[in-house]
Trainee: 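Following this message is one structure expressed as structure tokens.
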Amino acid sequence: MPPRLRSALSAVLIALSCLLVPFGMLAGWAAYGLTDTGRYVTTMAPLAADPAVREAVVDTVGDDILRAVDQHLDVRPVRGSVRPFVHDAVRSFTHTRAFRMAWDTGNRVAHDAVLHALRAEDERAEDERPVTVDLAPVTAQVKRQLIRDHVPFAARIPVEHTEVAVLPADRLTTLRKGYHVLEVAGFWLPVAAVAFAVGGIALAVRRRRAVAATALGTALGGALLVLALAVGRDLTLGDLPAGVSHPAAGAVYDALTGTLRTAAWLLLGLGLAVALTAWLTRSLRLPRPARRRGAPAPEPVPAPSPAPAPAPTRARA
């Protein structure tokens, strides 16, 4: 193969590899990182101690309790006086071990429900149901706390199955198709990126330069992924409804994308390190000694004269 054609094919393969690196990492994280229930619960567990998440839980559960009280009990004249007690009781409950256990259990149940809905293949569009999470266990715990604090009408608070929608029914079909695409892309995009990189380096005429170019392209892909995560965070928080707490949603986004962000920074650092190593090994090669201009050429060393033949001895004569 001519050198020019080899260089062109090498450049194309390396460019494709560097282009696929951030998309492959994103698809792999979405297909294998977010779909593991145990890893998801472990990732979300620290959020039970986050102040913004706790306040969001206080507002959601407290408003649900007051709404249920309004529907079943005639306590509207004292609603303003009961509301602080309810919110304080929920806030106190969020600092207990029972809340942390309920938080982990709720996340596990919600994750299993979402995965079951996304992996279902025999559901028809008219039979779709939204994926919901039941807040009745949390309401029951708060009711017991209110009774211990002697809050008026606490014993008459109904414990209903309050379902919070996690995935709306009208988007399940689209999300299910996207999930199946991610399952395929999460495996093949990283494999294709590695294969293109190896092929491009193997075809290169100057392989050291090809390794440096691949490393720099990989580092650029990691930097673009970090930038995309930051832009995605702003867009996600900007599209939230008015009633959703932005600090709590930001904490959840940061927790879910923490592994991907760390991998992107590692990709950036590893790419820069490999490129710097390739440049240093090229620059630190020992130069060949060159003859200065005008310097007389070294005189040729005369070849050693052949040794004289030994004189014939008497026995040989």
Side-chain angles (χ1 to χ4, degrees), residues 15-47 104 106-123 125 128-133 165-199 214 217-237 239 249-271:
L16 288 175
S17 172
C18 298
L19 182 64
L20 291 179
V21 163
F23 293 102
M25 183 171 292
L26 181 62
W29 165 79
Y32 299 104
L34 293 182
T35 56
D36 187 272
T37 302
R39 188 180 297 114
Y40 174 80
V41 173
T42 303
T43 302
M44 298 293 289
L47 292 179
D104 293 342
N107 279 303
R108 186 180 300 276
V109 172
H111 194 268
D112 290 338
V114 170
L115 284 184
H116 178 73
L118 292 179
R119 291 172 176 172
E121 297 181 356
D122 55 350
E123 296 287 342
E128 296 287 2
R129 296 180 180 179
V131 181
T132 59
V133 178
V166 179
L167 290 180
D170 55 349
R171 298 183 60 185
L172 280 178
T173 303
T174 304
L175 292 175
R176 188 176 293 121
K177 293 179 180 179
Y179 173 75
H180 292 312
V181 171
L182 281 177
E183 280 189 322
V184 177
F187 175 78
W188 287 109
L189 284 183
V191 172
V194 174
F196 286 154
V198 173
T214 305
T218 303
L220 180 61
L224 291 178
L225 188 56
V226 172
L227 180 61
L229 288 175
V231 174
R233 187 181 191 277
D234 294 337
L235 294 178
T236 301
L237 297 182
D239 292 339
V252 173
Y253 183 91
D254 293 338
L256 289 177
T257 59
T259 304
L260 183 60
R261 188 181 299 106
T262 302
W265 281 112
L266 287 177
L267 202 66
L268 174 61
L270 183 62

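Quick note: numbers below take in every heavy atom, side chains included, and nothing from hydrogens, waters or symmetry partners. All values derive from a computational prediction rather than experimental measurement.
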Trainee: Rounded to the nearest 0.5 Å, what's the gap from OG1 on Thr35 to CG on Leu182? Could you check?
Mentor: 9.5 Å
Trainee: Quick check for you: to the nearest 0.5 Å, what is the distance between Lys177 atom NZ and His180 atom NE2?
Mentor: 10.0 Å
Trainee: About how many Å separate CG of Leu256 and CG of Leu34, when rounded to the nearest 0.5 Å?
Mentor: 6.5 Å
Trainee: Arg176 and Leu118: which non-hydrogen atoms are nearest, and at how many Å?
Mentor: CG-O, 2.9 Å
Trainee: Kindly say whether Asp254 contributes a backbone atom to a donor-acceptor pair with the side chain of Arg233 at under 3.5 angstrom?
Mentor: no
Trainee: To the nearest 0.5 Å, what is the distance between OG1 (Thr218) and CG (Leu20)?
Mentor: 11.0 Å
Trainee: Which heavy atom of Ala31 sits nearest a heavy atom of Gly186, and at what distance?
Mentor: CB-CA, 4.3 Å
Trainee: For the OH atom of Tyr40 and the CG atom of Asp104, what is their distance to the nearest 0.5 Å?
Mentor: 11.0 Å
Trainee: Tell me the closest heavy-atom pair linking Ser17 and Ala193, and the distance in Å.
Mentor: OG-O, 2.8 Å
Trainee: Specify the closest pair of heavy atoms between Thr214 and Ala197, including all atoms of both residues, with the distance to one decimal.
Mentor: CG2-CB, 4.1 Å
Trainee: Mind checking whether Leu268 and Val226 have side chains closer than 4.5 Å, heavy atoms only?
Mentor: no
Trainee: Do you know the tightest heavy-atom contact between Ala27 and Leu189?
Mentor: CB-CD1, 4.3 Å
Trainee: At their closest point, which heavy atom of Ala255 faces which heavy atom of Leu47, and how far apart are they?
Mentor: CB-CD1, 4.0 Å
Trainee: Any donor-acceptor pair under 3.5 Å linking the side chain of His111 with the backbone of Gly38?
Mentor: no
Trainee: What distance separates Thr257 OG1 from Leu225 CG, expressed to the nearest 0.5 Å?
Mentor: 10.0 Å
Trainee: Report yes or no: does Tyr253 contribute a side-chain atom to a donor-acceptor pair with the main-chain N or O of Leu229 at less than 3.5 Å?
Mentor: yes
